[in-house]
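Below you'll find the structure, written out as structure tokens, and then a few comments.
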Amino acid sequence: MAAICVFCASSRTLDQRWLDLAAETGAEIARRGHTLVSGGGCVGMMGALVDGARSAGGRTIGVIPQSLVDLEVADLASDELLVTDSMASRKTIMIDKSDAFLTLPGGLGTLDELFEVWTTATLALHAKPMVLVDTDGFYRPVLDWLGALADQAFLKPAGLGLLTVTDTVPAALDALELRMT
């Protein structure tokens with residue numbers, strides 16, 4: 001079916017509920033017959049994500065810079081592990097390898113990946129669907145800020161409209177599948 005890229009945290013100090021959310025996301029992607037594209041890590045939510053996908057029989061593609069491989073955080077169990085020379089080339093390959101994007105809770109790295117894929121979509125460099133999973137209002141402050149940017153004409157409403165926001169993973173995957181048909 002499709003290759004779905006998931007952006008999420010790789011922190012080792014997260015509450016279990018975020019790890020569970022990531023594991024369920026990976027499993028749901030696999031149950032629906034999709035390939036998971038990830039940042040190629042084996043820790044935090046990223047590790048739970050790929051473990052969840054594999055536990056449900058899914059295929060995984062990891063994309064990771066050599067500097068993180070050197071830190072021994074690479075998902076060596078990936079069906080395909082692509083090692084890049086930089087974080088920038090990692091994002092480019094993740095975008096190229098994916099048919100759609102799903103963003104789970106995360107920090108600066110997750111936001112960087114989301115904004116990269118979203119910005120390139122607003123520039124019509126791709127037309128791949130993007131969904132943000134706003135579990136428990138995690139992203140509400142960011143979404144409010146982005147709405148204020150649109151209100152002040154710093155962000156076009158059409159650009160804002162390219163991102164679908166849901167509060168559950170099944171709803172996110174339903175939205176992605178609808179846009180990919």
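Every value quoted in this text rests on a predicted model; they were computed, and no experiment measured them. Reckoned from all heavy atoms, side chains included, excluding hydrogens, waters and symmetry mates.
Interatomic distance, OG1 of Thr122 versus CG of Leu155, reported as 8.0 Å (0.5 Å rounding). Distance check: Leu176 CG to Thr164 OG1 gives 7.5 Å after rounding to the nearest 0.5 Å.
Ion pairing between Arg54 and Asp75 holds under the 4.0 Å rule for side-chain N and carboxylate O. In this structure, Glu177 pairs ionically with Arg32, as a charged nitrogen and a carboxylate oxygen lie closer than 4.0 Å.
The one candidate from Asp79, Leu49, Thr25 that meets the side-chain contact (heavy atoms from CB on, under 4.5 Å) condition with Leu36 is Leu49. Checked options Thr84, Asp112, Asp96; the residue passing with Lys91 is Asp112 (criterion: side-chain hydrogen bond (donor to acceptor under 3.5 Å, both in side chains)). When each of Asp85, Leu82, Leu68 is checked for a side-chain contact (heavy atoms from CB on, under 4.5 Å) with Arg90, only Leu68 meets the rule.
Here the closest heavy-atom approach between residue Val83 and residue Pro65 is recorded as CG1-C, 4.3 Å. Closest approach of Pro129 and Met180 over heavy atoms only: CG-CG, 3.7 Å. In this structure, Trp18 and Pro105 approach most closely via the heavy-atom pair CZ3-CG, 3.4 Å. Scanning all heavy atoms of the two residues, the minimum distance from Ala27 to Ala56 falls at O-CB, 3.7 Å. Closest approach of Leu162 to Met130, counting heavy atoms only: O-CE, 3.4 Å.
Not counting sequence neighbours, the partners of Asp136 by the salt bridge (charged side-chain N to carboxylate O under 4.0 Å, His left out) test are Arg17.
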> What's the verdict on side-chain contact (heavy atoms from CB on, under 4.5 Å) for Thr135 and Leu21, showing C-alpha distance, side-chain angles and the deciding distance?
Replying inline: CA-CA 9 Å; Thr135 301; Leu21 175 67; 3.6 Å; yes
> side-chain contact (heavy atoms from CB on, under 4.5 Å) between Val169 and Glu24: does it pass, once the steps are laid out?
Replying inline: CA-CA 8 Å; Val169 170; Glu24 179 53 36; 5.6 Å; no
> Stepwise, does the side-chain contact (heavy atoms from CB on, under 4.5 Å) test hold for Thr103 with Val133?
Replying inline: CA-CA 6 Å; Thr103 303; Val133 180; over 6 Å; no
>> What verdict does the side-chain contact (heavy atoms from CB on, under 4.5 Å) test give for Glu80 and Thr60, after you've listed the backbone C-alpha separation in whole Å, the side-chain angles of each residue and the deciding distance to 0.1 Å?
In response: CA-CA 7 Å; Glu80 184 178 351; Thr60 60; over 6 Å; no
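At most 12 heavy atoms of other shown residues, nucleotides or ligands fall within 6.0 angstrom of atom CG in Leu108. Around atom CD of Gln16, more than 12 heavy atoms belonging to other residues, nucleotides or ligands sit under 6.0 Å away.
Not one N or O on the side chain of His34 forms a donor-acceptor pair closer than 3.5 Å with the backbone of Met1.
A donor-acceptor pair shorter than 3.5 Å can be found between the side chains of Ser86 and Ser89. For the residue pair Asp70/Ser67, the side-chain donor-acceptor check at 3.5 Å is not satisfied.
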Cut-off 3.5 Å, no hydrogens considered: what does the side-chain donor-acceptor table look like for residues 3-14, sequence neighbours left out?
from	atom 1	to	atom 2	distance (Å)
Ser11	OG	Thr13	N	3.1
Ser11	OG	Thr13	OG1	3.0

